[in-house]
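To keep things clear, I will list the structure first and then write my remarks on it.
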Amino acid sequence: MIFTYYPGCTLRTKAKDLDRYARLSAEALGITLEEPENWQCCGGAYSNVNDEAATKLSAARVLNSAKELGRPLVTVCSACHNVIKQTNYDIQHNATLAYKVNNYLGLDPQYNGETTVYHYLEMLRDVVGFDKLAEKVVNPLKGKKIAAYYGCLLLRPSRALSMDDPENPTIMEDFIRAIGADPVIYSQRVECCGGYITLEDKAQASKRSSAVMTDAEENGAEMVVTACPLCLYNLKKNSGSQLPVVYITELLAEALGVKEESNE
Amino acid sequence: MSNIKDAVLNSYGKNVRKCMKCGKCSATCPSYDEMEYHPHQFVSMVEKGDIETLMKSESIFKCLTCYACVERCPRNVEPARVIEAVRFAQLRKQGNNHLIPDMIPDMLDEDLPQQAIVTAFRKYAK
Ligand code: SF4
Ligand code: SF4
């Protein structure tokens, strides 16, 4: 099976591991992730206003590429996933935006939101299946207590992202179980790490990320897992906590036994 | 600047008058303490047309765009969109960028993901 894959800017630079382990693990599960030509950075944040189309074009372009290739589009980074799904949703529901985007890009045939977008975790749940994934695990992370950190961009706004229950999600916990570990439930798992505020207000970023890490730690977590490079950065650099923070795909590669192999 | 309210309402694209003033948006906001004007105040001040006060406040740069208020507002007002509309009204005026490329080198460290920089430019500059 081949899926169109959008790594985004950070998976090409600071988050190379997130990318590498995503591809290796997908391959081990029978899915090849193929980048479309000439994709551009999604911009990292969706512009939540009605009267702006230009900042949505790079997401629209990759959505249209996936449509032309006739395959679903897979993303890993929470921010890319958020921007691309919100763009798709608004193209489907806002005729003026769809008109502007098609005009700008000169699309023929027009793009009207036809592409199916999966976050990598959704691909594991809805395409591979967590039960099938569990069968492929060769190094189960037995007894490891792992706190799933969703943050904000994976789940919200839920009407556009439609990934999971925005307040009581289970997709990451089910993933943790599938790789043989024990999920830790804590209330801060769906609250923000501070995001881009780290650039201009370290105190605020550190307040947010330490609240998340303290809550995970107090609930017995030995490790925190995330899909987002900016969450990883804030939780590691700004929280003051020593708890390890790792990417979902790194744990997956380890469980599937493809991690060491790739480091040889 | 008599049209500022129209411009903001047009960017926002929804109805601020649906707000029932329950305060849930502000109660759930992770930036509440850092904001001079809180999410529910953005909604009511925009409704009243008291928008320039908001445009001049640092509060427009304190919102993390975390969508907690969007998800949890019982009236689907989406306060983060109101804040975004006010922020854009400010940034779209010539010379008002809150972040410029020359400021970036001093903000870098070896682990900072590119994502942080591109996102900040989306939120702090036009
Ligand atoms: S989106 Fe902004 S205003 Fe709304 S809860 Fe998050 S930080 Fe607060
Ligand atoms: S949560 Fe919604 S209805 Fe309640 S005060 Fe905020 S905007 Fe108004």
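In what follows, chains carry the letters A, B, and so on, assigned in the order in which the sequence lines appear, proteins first and then strands, with residues in each chain numbered from 1. Computed from a predicted model, the values in this text were never measured in an experiment. Just the heavy atoms: all of them, side chains too, but no hydrogens, waters or symmetry mates, feed the values below.
Here the side chain of B:R122 pairs a donor or acceptor atom with the backbone of A:T55 at under 3.5 angstrom. Remark: side-chain polar atoms of B:E84 are paired, donor with acceptor, to backbone N or O of A:N48 under 3.5 angstrom. Checking side-chain atoms of A:Q204 against main-chain N and O of B:S31 turns up no donor-acceptor pair under 3.5 Å.
Note on A:E200 versus B:K123: no salt bridge recorded, every NZ/NE/NH1/NH2 to OD/OE distance being 4.0 Å or above. A salt bridge links B:E34 with A:K207: at least one charged nitrogen is closer than 4.0 Å to a carboxylate oxygen.
Ranked by non-hydrogen atom pairs under 4.5 Å with chain B, the options A:C80, A:C42, A:A45 are led by A:A45. If you tally non-hydrogen atom pairs under 4.5 Å between each of B:M103, B:R87, B:E78 and chain A, the highest count goes to B:E78. With chain B as the partner, the residue from A:A211, A:C152, A:C228 showing the most heavy-atom pairs under 4.5 Å is A:C152. The greatest number of non-hydrogen atom pairs below 4.5 Å with chain B, out of A:R156, A:E167, A:K14, is found for A:R156. Annotation: maximal heavy-atom pairing with chain B below 4.5 Å, among A:E52, A:R12, A:R208, occurs at A:E52.
Residue A:N82 touches chain B through its side chain alone, counting heavy-atom pairs closer than 4.5 Å. In this structure, the portions of A:L230 lying under 4.5 Å from any heavy atom of chain B include both its backbone and its side chain. Heavy atoms closer than 4.5 Å to chain A are found in both the backbone and the side chain of B:L112. Residue contact with chain A, scored on non-hydrogen atoms closer than 4.5 Å, is absent for B:K14. Proximity to chain B (any heavy atom under 4.5 Å) is restricted, for A:P166, to the side chain, taken from C-beta onward. With a 4.5 Å cut-off on non-hydrogen atoms, B:F61 touches chain A through its backbone and its side chain both.
The number of heavy atoms from other shown groups lying within 6.0 Å of NZ (A:K100) is above 12.
We find the CG-CG distance between B:L9 and A:N50 to be 11.0 Å, quoted to the nearest 0.5 Å. The distance from the OG1 atom of A:T13 to the CD atom of B:Q114 is 3.0 Å, given to the nearest 0.5 Å. For the atom pair SG of A:C77 and CD of B:Q115, the computed distance is 4.0 Å after rounding to the nearest 0.5 Å.
Within the 4.5 Å cutoff, side-chain heavy atoms of A:Y233 are placed close to those of B:D109.
A side-chain donor-acceptor contact under 3.5 Å links A:D51 and B:S11. A donor and an acceptor atom, one from each side chain of A:Y196 and B:T65, are located under 3.5 Å apart.
The nearest pair of heavy atoms linking A:T10 to B:P113 is CG2-CB, 3.6 Å.
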* Test log, rule side-chain contact (heavy atoms from CB on, under 4.5 Å), inputs A:C192 and B:Y67 -> CA-CA 9 Å; A:C192 182; B:Y67 298 101; over 6 Å; no
* **side-chain contact (heavy atoms from CB on, under 4.5 Å) between B:D111 and A:K236, worked out** => CA-CA 10 Å; B:D111 296 319; A:K236 276 186 146 176; over 6 Å; no
* Could you go step by step and tell me if A:E191 and B:R72 meet the salt bridge (Lys or Arg N to Asp or Glu O under 4.0 Å) rule? -> CA-CA 12 Å; A:E191 306 303 335; B:R72 292 166 189 160; 3.1 Å; yes
